Amino acid sequence: MRKLLIIATFLSLAVVGQSIAESQPPTPSLRISNKHDQSISKTDKEQTCISAETLRVPTNKIIAEQQKTETTEKSSDRWTIILTVCLIFVGIAQAVIYWTQLVHFRRTDRAYVRVSSGPPGINLREDAIPEPHAQVHSDLRIQNYGETPAHITDIVIKTCIKETDVSLPNPPDYSTNTKFPSHAFLVRGENIFKKFNDELLSEDDVAGIKSMKNTLYLYGYVDYTDAFGNRHRGGFGYRYYPPYDDEKAYNDNMPFPKRNNLVFIMQDGYNYDQERTQDESNN
């Protein structure tokens with residue numbers, strides 16, 4: 001801009017000087033030959049062309065510099081937009097990564113509560129008074145196998161007897177009065193024991209179970225809330241296997257008192273861990 005002002009000032013001075021020169025009367029001079037006049041006229045024209053060309057060169061240079069500057073600014077703006085868009089995509093990618101890590105952490109490091117049985121599993125306590133009968137007794141261990149604490153809210157335990165070749169219902173039938181509200185708080189690796197005694201069994205029931213004509217099942221679930229506030233239900237299911245109560249099958253390397261006569265129910269729907277819906281049990 002400063003260069004343009006200087007050039008405009010010079011042009012103005014040149015125009016003013018030319019006007020002054022034209023307003024002055026011609027100076028008397030000697031008559032020169034036509035040839036000499038033509039030479040002088042030719043020299044004036046060359047000087048005029050040189051002056052115009054001299055002025056034109058800086059102007060073109062300035063215009064070229066301005067165009068170069070505008071091109072540079074446009075290129076800079078374009079790169080700024082590109083970098084901004086790239087930063088937006090990087091931010092979105094980081095947010096997705098953080099969210100994925102959070103979901104993975106909640107899955108891998110949350111509480112996992114399982115119900116298992118201590119030895120001997122199920123104990124059929126038989127008694128002949130007042131009449132031959134037996135009672136199902138079991139010591140159940142409720143343990144947190146996860147990485148974060150769990151708050152136990154409910155424990156449901158149920159037994160049933162089915163003919164060996166008859167499958168259990170799926171989903172399980174949890175309608176029972178054997179429900180134990182709980183307020184236990186289990187940290188990682190901690191456990192509690194729940195003693196369970198069920199209804200009396202008749203002598204015929206016990207005979208059918210021991211002959212494996214019928215099968216005795218022990219199943220249920222434990223409701224708990226993890227450290228992230230998510231509500232879970234861990235189902236468990238076992239069946240009684242009488243041959244494991246044969247003391248002759250054990251030796252010193254495998255002591256009889258440490259046996260466990262319960263095996264997993266292989267049927268779907270009985271051993272699981274899943275989130276509870278809003279209408280399932282207490283919070």
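We use all heavy atoms of the structure for the numbers below, so side chains are in, but hydrogens, waters and symmetry mates are not. Everything quoted here is computed from the prediction, not taken from an experiment. Counting begins at 1 with the first residue of the sequence.
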Next on the checklist: Checking Val115 against Ile157 for the side-chain contact (heavy atoms from CB on, under 4.5 Å) test, could you report, in this order, the C-alpha distance in whole Å, the side-chain angles of both residues, the deciding distance, and whether it holds?
Outcome noted: CA-CA 10 Å; Val115 178; Ile157 307 171; over 6 Å; no
Item to check | Greater than 12 external heavy atoms within 6.0 Å of Asn170's CG | outcome: yes
Next on the checklist: Against the six-membered ring of Tyr244, is Arg259 placed for a cation-pi contact (under 6.0 Å from the centre, within 45° of the normal)?
Outcome noted: no
Checklist entry - Hey, does Ser182 have a side-chain heavy atom less than 4.5 Å from the side chain of Val222? => result no
Item to check | Met212 and Pro242, any side-chain heavy atoms less than 4.5 Å apart | outcome: yes
Item to check | Electrostatic pair Arg110-Asp273, nearest N-O below 4.0 angstrom | outcome: yes
Item to check | Straight-line distance of Asn123 CG to Asn197 CG, nearest 0.5 Å | outcome: 9.5 Å
Checklist entry - Can you check whether Lys162 reaches Thr215 side chain to side chain, under 4.5 Å on heavy atoms? => result no
Next on the checklist: Set out, in order, the CA-CA distance, both residues' side-chain angles and the distance that settles ring-ring contact (aromatic ring centres under 6.0 Å, His included) for Phe264 and Tyr238, then state yes or no.
Outcome noted: CA-CA 5 Å; Phe264 277 102; Tyr238 302 96; 5.3 Å; yes
Checklist entry - Mind checking whether Leu216 and Ile122 have side chains closer than 4.5 Å, heavy atoms only? => result yes
Checklist entry - What pair of heavy atoms forms the shortest contact from Val206 to Ala134, and how long is it? => result CG2-CB, 3.5 Å
Item to check | Worked verdict on His151 versus Phe185 for ring-ring contact (aromatic ring centres under 6.0 Å, His included) | outcome: CA-CA 5 Å; His151 179 207; Phe185 183 78; 7.0 Å; no
Next on the checklist: Hydrophobic clustering (ILVMFWY, side-chain heavy atoms < 4.5 Å, transitive) - are Met266 and Leu262 grouped together?
Outcome noted: yes
Next on the checklist: Can you tell me how far apart CD1 (Ile209) and CG (Asp204) are? Round to the nearest 0.5 Å.
Outcome noted: 11.0 Å
Next on the checklist: Does this structure show an ion pair linking Lys210 with Asp245, if we count only N-O contacts that are shorter than 4.0 Å?
Outcome noted: no
Item to check | Student check: side-chain heavy atoms of His232 and Tyr112 closer than 4.5 Å | outcome: no
Checklist outcome for this item: Heavy-atom nearest pair, Gly237 first then Tyr219, reads CA-CB, 3.7 Å
Checklist entry - Between Leu186 and Ile192, is a side-chain contact (heavy atoms from CB on, under 4.5 Å) present by the stated rule, with each step listed? => result CA-CA 8 Å; Leu186 302 180; Ile192 58 174; 3.7 Å; yes
Checklist entry - Between Tyr221, Tyr270, Phe236, which is the residue that forms a ring-ring contact (aromatic ring centres under 6.0 Å, His included) with Tyr174? => result Tyr221
Item to check | Heavy-atom side-chain proximity of Arg233 to Asp154 below 4.5 angstrom | outcome: no
Item to check | Exceeds 12 heavy-atom contacts within 6.0 angstrom, atom CD of Glu247 | outcome: no
Item to check | Shortest non-hydrogen contact between Tyr224 and Gly234, atoms and distance | outcome: CE2-N, 4.2 Å
Item to check | Same cluster (ILVMFWY, side-chain, under 4.5 Å), Tyr241 and Met254 | outcome: yes
Next on the checklist: Would the distance check show the side chain of Arg141 and the main-chain N or O of Lys194 forming a donor-acceptor pair, the cut-off being under 3.5 Å?
Outcome noted: no
Checklist entry - Distance-only, no hydrogens or angles: does the Thr148 side chain make a donor-acceptor pair with backbone N or O of Asp109 under 3.5 Å? => result yes
Checklist entry - Just checking, any donor-acceptor pair under 3.5 angstrom between side chains of Asp173 and Ser175? => result yes
Item to check | Side-chain heavy-atom pair Leu218, Phe196 within 4.5 angstrom cut-off | outcome: yes
Item to check | Atom pair CZ (Arg276) and CG (Asp223), whose distance is rounded to the nearest 0.5 Å | outcome: 4.0 Å
Next on the checklist: Nearest 0.5 angstrom please: Ile152 CD1 to Asn144 CG, how far?
Outcome noted: 7.5 Å
Next on the checklist: As an exercise, state the distance from CZ of Phe193 to OG of Ser117, rounded to the nearest 0.5 Å.
Outcome noted: 9.5 Å
Next on the checklist: Determine whether a donor-acceptor pair (N or O, by modelled atom type, separation under 3.5 Å) exists between the side chain of Gln267 and the backbone of Leu168.
Outcome noted: yes
Checklist entry - When clusters are formed by joining ILVMFWY residues with side-chain heavy atoms under 4.5 Å apart, either directly or through shared neighbours, do Val263 and Tyr250 land in the same one? => result yes
Checklist outcome for this item: So CD1 of Ile161 and CZ of Arg239: to nearest 0.5 Å the spacing works out to 15.0 Å
Next on the checklist: Can you give me the closest heavy-atom contact between Thr225 and Arg231, atom names plus distance?
Outcome noted: OG1-CG, 4.2 Å
Checklist entry - Looking only at atom types and distance, does a side-chain atom of Asp226 sit under 3.5 Å from a main-chain N or O of Ala111, one as donor and one as acceptor? => result no
